[in-house]
Student: 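Mind having a look at this structure? Questions to follow.
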Amino acid sequence: MSRLLKEFWASGHFFVLVNITVCFLGFLSLNIVLCSEKDAQMCIYDASCDTHFGFCCNVDEETSRELARLPGVLTVRPDPDYNSVKKDYSCLDIQMSNPWNSQIGTTLLFPLGTTKHWLVRMDKPGVGVVTKAQMVDRYAQILTKVLGNEKDAQMCIYHVSWQSNFGFCCELDDECAQELTGVPGVLSVQPDENFGSENKDYGGNNLQNSMVPSDSSEASPTQIKTKKLFVTGLSFYTSEKTLRAAFEGFGELVEVKIIMDKISKRSKGYAFIEYTTEEAASAALKEMNGKIINGWMIVVDVAKTTPKYSRGRPR
């Protein structure tokens with residue numbers, strides 16, 4: 001008999017808020033703790049995968065403690081209204097809502113009281129049709145350029161827009177928000193005046209307090225002088241041959257190198273591409289940023305010896 005069935009008498013109803021990238025397969029987190037996919041599926045009685053992400057499950061306190069320690073889980077708290085159909089999956093008061101793990105979310109990144117909620121308006125992707133998963137991954141890659149760590153970026157995002165208007169909401173300090181305005185593809189960064197509401201101004205109707213990219217040469221991809229590009233957001237199944245075929249139309253290539261994990265021997269999801277001329281690299285930077293390769297939307301940027309957007313945390 002499974003652990004779930006043995007201890008069902010001692011179980012309670014818990015509310016689990018997960019980060020934006022694991023929401024599409026939320027029961028996998030519970031599967032890790034229970035060691036049984038069927039038990040995990042039976043425990044979950046509500047889920048959210050729209051603008052806020054999480055699920056409700058019936059587990060004991062010991063299991064809830066283990067669940068709170070898993071990567072991607074922002075908070076685990078008792079479900080205050082088990083019989084209610086409408087659940088509050090927003091990230092309000094995360095610090096107070098997780099009795100098992102007080103060191104979660106953005107508190108690991110920034111000192112308490114230094115963060116604000118920001119709305120980031122993004123340029124329209126360079127492809128006709130995109131999925132929500134593709135845009136979520138792209139937003140995480142964009143924010144990674146500032147935070148230097150993809151998992152940290154995923155944890156900071158709490159709302160996304162991906163259909164008629166494009167952008168996301170995240171929790172950052174003022175310094176990171178200012179740096180974010182310099183990332184290619186970012187149109188503006190402004191305070192999220194409607195935090196806690198689903199009604200967000202991704203259309204740019206009110207830009208009074210927004211920060212916009214400067215007119216410096218660094219903000220314009222066409223004016224950057226470089227021969228080497230940095231590509232992130234790659235599918236683990238994208239080969240160097242596929243990547244070369246996608247980029248060789250802009251000019252002669254010196255090198256295409258996908259970075260591999262030394263232990264798993266799998267792609268880390270990013271690569272370096274070098275051209276013989278600055279003109280070819282500049283054209284590729286302009287045209288390939290936001291394109292889809294093997295089902296994943298890539299982010300193309302200038303390869304830097306010392307990344308401008310790094311906060312000193314390992315990727």
Side-chain angles (χ1 to χ4, degrees), residues 20-21 51 117-147 150 153-154 156-172 176-194 199-226 229-234 246-247 249-250 269-270 273 281-293 295-304 307-309:
I20 202 165
T21 59
T51 52
H117 299 100
W118 301 92
L119 185 147
V120 183
R121 294 174 55 245
M122 295 293 302
D123 199 4
K124 185 177 181 180
V127 291
V129 179
V130 294
T131 66
K132 184 175 183 178
Q134 289 169 340
M135 290 311 301
V136 165
D137 183 71
R138 174 169 168 77
Y139 297 154
Q141 295 295 333
I142 292 294
L143 193 53
T144 299
K145 293 180 179 294
V146 171
L147 298 179
E150 187 173 350
Q154 292 166 356
C156 289
I157 297 175
Y158 61 86
H159 194 277
V160 297
S161 177
W162 63 282
Q163 292 178 310
S164 57
N165 296 309
F166 298 89
F168 60 94
C169 290
C170 57
E171 188 174 355
L172 303 170
C176 285
Q178 184 65 57
E179 289 182 21
L180 191 56
T181 63
V183 178
V186 174
L187 299 180
S188 67
V189 180
Q190 63 195 77
D192 180 8
E193 303 292 351
N194 295 320
N199 185 23
K200 307 290 186 183
D201 181 25
Y202 289 108
N205 298 317
N206 182 13
L207 299 176
Q208 184 176 358
N209 297 318
S210 66
M211 297 182 287
V212 298
S214 65
D215 294 329
S216 66
S217 60
E218 193 168 24
S220 175
T222 58
Q223 298 177 19
I224 295 176
K225 300 298 182 181
T226 182
L229 303 177
F230 182 55
V231 183
T232 59
L234 292 173
F247 280 84
F250 301 97
Y270 58 91
I273 294 178
S282 184
L285 175 61
K286 180 180 179 181
E287 296 297 327
M288 292 301 293
N289 188 33
K291 289 294 191 291
I292 294 176
I293 298 178
W296 289 72
M297 185 176 294
I298 64 171
V299 176
V300 183
D301 200 358
V302 176
K304 301 177 178 67
K308 172 187 174 182
Y309 308 113

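Here the structure is a predicted model, which means the values were calculated and not measured. Just the heavy atoms: all of them, side chains too, but no hydrogens, waters or symmetry mates, feed the values below.
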Student: Run the side-chain contact (heavy atoms from CB on, under 4.5 Å) test on K200 and C169 for me, step by step, so that the C-alpha distance in whole Å, both residues' side-chain angles and the decisive distance to 0.1 Å come before the verdict.
Tutor: CA-CA 9 Å; K200 307 290 186 183; C169 290; 4.0 Å; yes
Student: F166: what forms a ring pair (Phe, Tyr, Trp, His ring centres under 6.0 Å) with it, not counting sequence neighbours?
Tutor: none
Student: Atom CG in L285, atom CZ in F230: separation rounded to 0.5 Å?
Tutor: 13.0 Å
Student: Locate the shortest heavy-atom distance separating M297 from D137; write the atom from each residue and the value.
Tutor: O-OD2, 4.1 Å
Student: Checking Y139 side chain against A153 main chain: does a donor-acceptor pair fall under 3.5 Å?
Tutor: no
Student: Show the nearest heavy-atom pair for residues L147 and C176, with the distance to one decimal.
Tutor: CD2-SG, 3.9 Å
Student: Write down the atom of I293, the atom of A246, and the distance for their closest heavy-atom approach.
Tutor: CD1-CB, 3.9 Å
Student: Considering only heavy atoms from C-beta outward, does the side chain of I142 approach that of M122 to under 4.5 Å?
Tutor: yes
Student: With rounding to the nearest 0.5 angstrom, report the OG1 to CG distance, T232 to D301.
Tutor: 8.0 Å
Student: Is any side-chain heavy atom of D201 closer than 4.5 Å to one of Q190?
Tutor: yes
Student: Just grab all the salt bridge (charged side-chain N to carboxylate O under 4.0 Å, His left out) pairs involving residues 160-169, residues at least two apart or on different chains.
Tutor: none
Student: I need the minimum non-hydrogen distance between Y158 and D192, along with the two atoms involved.
Tutor: OH-OD2, 2.6 Å
Student: Determine the minimum heavy-atom distance between Y202 and G167, stating which atoms define it.
Tutor: CE2-C, 3.4 Å
Student: Roughly how far, to the nearest 0.5 Å, is the CG atom of L229 from the CZ atom of F250?
Tutor: 10.0 Å
Student: Which pair of non-hydrogen atoms, one from N289 and one from R138, has the smallest distance, and what is that distance?
Tutor: OD1-NH1, 3.6 Å
Student: For the atom pair CH2 (W296) and CD (Q134), what is the distance rounded to the nearest 0.5 Å?
Tutor: 9.0 Å
Student: Roughly how far apart are C170 SG and Q154 CD, rounded to 0.5 Å?
Tutor: 13.5 Å
Student: Drop me the distance from L143's CG to L172's CG, to the nearest 0.5 angstrom.
Tutor: 5.5 Å
Student: Identify, with sequence neighbours excluded, every residue that meets side chain to side chain contact (heavy atoms under 4.5 Å, CB included) alongside A177.
Tutor: W118, V189, M211
